[in-house]
Amino acid sequence: MISHFSRTGRLTGLALRRDRFKILIWVLILAGLMVGVAYKFTDIFGTQHEIAAIKDTLKSPAMVALLGAFKFTNNPSTAQIFSTEMVVFMVITQIIMNIMLGIHATRGEEDQGITELVRSRAVGQLAPLSAAALELVIVNAIIAVIYGAGLGLSGMHGMTTAGNWAVGLGLSAISLVFGLLGLVAAQLADHSASATGLTYGLFGLAYIVRMMTDVQNPDYTWWSPLGWVEKISPYYHLNWLPIVLSLVTAIILFILAASINLHRDLNAGALATRPGRRTASSFLRGPASLLWRREHNVIIGWIIGIAILGMTYGSIYNTVGDMLKTNPTMQQVFGANVLHEANHVMLVNFTSTLVVLMAAVAAIPGIQLVYKLYSDETNGWLESLYARPLSRTRLFFSYVITGLLSSLVTFAGAISSLIFVGNATLDHPKDGLTIFEFWQSIWGQLPAILVFIGIAAAIIGWWPRIRFLNWLYLGLGFIMIYMGGMLKLPKWAQHLSPLGWMNKVPTHDVEWANFSWMLVLSIGLILLGWWGYRRRDLHMS
């Protein structure tokens, strides 16, 4: 068994060197966000009056669904409010980093033939997998140290040294679980796209279980590994059990990944792939249809996955908006019509936050498909296409239009499932959202999705090596809008991203003037990318 791990240390060093820029960017973003918000929190919620104003909001079903169900004292400290608002959001972001790094270091390297080249040398069979796991451990350990030390220097009222380090270790340990889950998926799937889809699918399931149990009965949140971060309760009855559980689970997942790796062939997944047809369909003659044939499982997975997320949020509409159940005397005092209007306003505000979330998530499959043009180009998969009388214009727009349609259908499906399922759960139809508010929700954030895909097209056309900047822009923009109100960020900061260029809908009406110029901007960015793609050299490997 020792020979299976031969040269693991050397490969780990090479992996850290290979991913040094990615790791640096992720560490700066995560540590800067966590520590920066901690320093700002004393100014935001430094007095009991400010804490009391946010405490009841955090206990509402809507905020519990978004941020988690946390326990704190009757007079909570600034540190307790900080952990309630930040840890679930931060662990989700860190999990995404782990999944991206883990799958790229395993299945991504294998798809490109790099693992085969490495294994041709005196390297153990499990060395590449072990190096990927060690890379994740080292990166998460660095982030945990920065979290613990940074929180200790922030000076928040109510913080403790043990609580600070529990936050750092807890976030990193739980994130590592999902990173190693990605390594298991990389052994099961036969290419990186399937491994990524499988991992994010399990991650999404954990998120849905966490959300539903938090709203209905937080005691059952233990069934979701994502919910373990809430159980740490760093500044109120500190509990180290979730961290221990996470580390044990991580070890089990690595053993499982190693066992599968030893029993599968290189460049093949443990799960058999359905064989293709003996004769190619005429449907595959065009580049757009070929792209759809290759990526339709991923596209359909995104559409269904986000629709399920929308249904899950919609299923708690009755809990969010029904004030009559919790306040039976209010109907006698104010009358039923007034209470229905109040419930309706609560649901509209809850929906306006979710619309931004759905728009940010729906932009991801479209951007990914546009970026596939460059990855297919560098992998040499476009050589056979360009050997035929195929113009760059047709190929470019095949990817861009497919990406646009995928994001638009995903977004429309998410909003439809959210509002229609949500309205169906309500006891009083007057509380629900109207058809007009449904269409407002779709049109209100549609231009933001188009702009992000336009930016992706421009990057692919001119400078594809900086495509990570669009992901960074999307993530930071979402943080500004999603957390801007609670962190009391200035309005200009919330307007830096396309997600903040339109009014929040359906709380407000659609700004059609902004809609128009954002639509023109997205078209201009796509045409700019098309012009650059026609002019630049191709990067065929």
Side-chain angles (χ1 to χ4, degrees), residues 55-73 76 80-81 83-95 163 166-167 169-178 180-181 184 198-253 304-322 325-326 350 353-354 357 417-418 421-422 424-427:
K55 182 178 72 172
D56 293 336
T57 302
L58 294 175
K59 288 183 177 181
S60 67
M63 298 309 296
V64 168
L66 294 172
L67 302 176
F70 286 82
K71 295 180 180 180
F72 38 73
T73 57
Q80 290 174 7
I81 299 297
S83 64
T84 303
E85 290 192 10
M86 291 298 295
V87 296
V88 170
F89 177 78
M90 290 302 302
V91 78
I92 290 173
T93 309
Q94 197 166 336
I95 285 171
V167 170
L169 293 173
L171 292 179
S172 293
I174 294 168
S175 302
L176 181 63
V177 168
F178 286 90
L180 291 174
L181 182 63
V184 174
L198 176 59
T199 309
Y200 278 114
L202 295 173
F203 173 41
L205 178 62
Y207 180 86
I208 290 173
V209 172
R210 193 278 313 162
M211 185 186 72
M212 296 297 296
T213 54
D214 274 343
V215 174
Q216 301 297 331
N217 189 344
D219 292 337
Y220 294 133
T221 306
W222 283 101
W223 288 101
S224 171
L226 187 60
W228 294 349
V229 70
E230 304 170 21
K231 305 303 182 182
I232 297 173
S233 190
Y235 305 111
Y236 175 77
H237 293 170
L238 175 59
N239 184 6
W240 293 95
L241 179 59
I243 300 176
V244 175
L245 277 176
S246 300
L247 295 176
V248 171
T249 304
I251 294 172
I252 293 173
L253 288 173
I304 296 175
I306 306 304
I308 292 174
L309 180 62
M311 291 179 189
T312 307
Y313 275 116
S315 66
I316 66 171
Y317 262 39
N318 194 37
T319 307
V320 173
D322 197 349
K325 288 182 178 178
T326 57
F350 179 56
T353 301
L354 294 180
L357 169 64
S417 62
L418 169 68
V421 172
T425 65
L426 297 173
D427 296 330

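Reckoned from all heavy atoms, side chains included, excluding hydrogens, waters and symmetry mates.
- For the pair I95 and L226, the minimum side-chain heavy-atom distance is below 4.5 Å.
- Nearest heavy atoms, W222 versus P242: CH2-CG, 3.8 Å.
- Atom CG of L202 and atom CG of L181 lie 5.0 Å apart (nearest 0.5 Å).
- Annotation for P234 and S83: closest pair CG-CB, 3.9 Å, computed over non-hydrogen atoms.
- Residues satisfying the side chain to side chain donor-acceptor pair (under 3.5 Å) criterion with E230, sequence neighbours excluded, are absent altogether.
- With rounding to the nearest 0.5 Å, the separation of CG in L247 from CG in L169 is 8.5 Å.
- Here the shortest heavy-atom pairing between K231 and P218 reads NZ-O, 2.6 Å.
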Subject >> Intermediate values then yes/no, side chain to side chain contact (heavy atoms under 4.5 Å, CB included), V167 and I232 >> reply: CA-CA 8 Å; V167 170; I232 297 173; over 6 Å; no
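- Among all heavy-atom pairs drawn from Q80 and Y236, the shortest one is NE2-CB, 4.1 Å.
- Interatomic distance, CG of L309 versus CG of L205, reported as 11.5 Å (0.5 Å rounding).
- With sequence neighbours left out, Y200 forms a side chain to side chain donor-acceptor pair (under 3.5 Å) with no residue at all.
- Residue pairs meeting the side chain to side chain donor-acceptor pair (under 3.5 Å) criterion with at least one member in residues 205-218, sequence neighbours excluded, are Y207-Y313, R210-D214, T213-T221, D214-T221.
- Among residues two or more places apart in sequence or in another chain, the ring-ring contact (aromatic ring centres under 6.0 Å, His included) test is passed with F203 by F178.
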Original post:
Should L253 and T249 be marked as a side chain to side chain contact (heavy atoms under 4.5 Å, CB included) after you check the CA-CA gap, both sets of side-chain angles, and the distance that decides it?
Top reply: CA-CA 6 Å; L253 288 173; T249 304; 4.1 Å; yes
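- When all heavy atoms of P225 and I174 are compared, the pair lying nearest together is O-CG2, 3.6 Å.
- Within the structure, no pair that satisfies the side chain to side chain donor-acceptor pair (under 3.5 Å) test touches residues 237-246, not counting sequence neighbours.
- When all heavy atoms of V215 and V64 are compared, the pair lying nearest together is N-CG1, 4.1 Å.
- Put simply, CG on L245 and CG on L241 are 4.5 Å apart, with the number rounded to the nearest 0.5 Å.
- Checked against side chain to side chain donor-acceptor pair (under 3.5 Å), S224 has no partners two or more places apart in sequence or in another chain.
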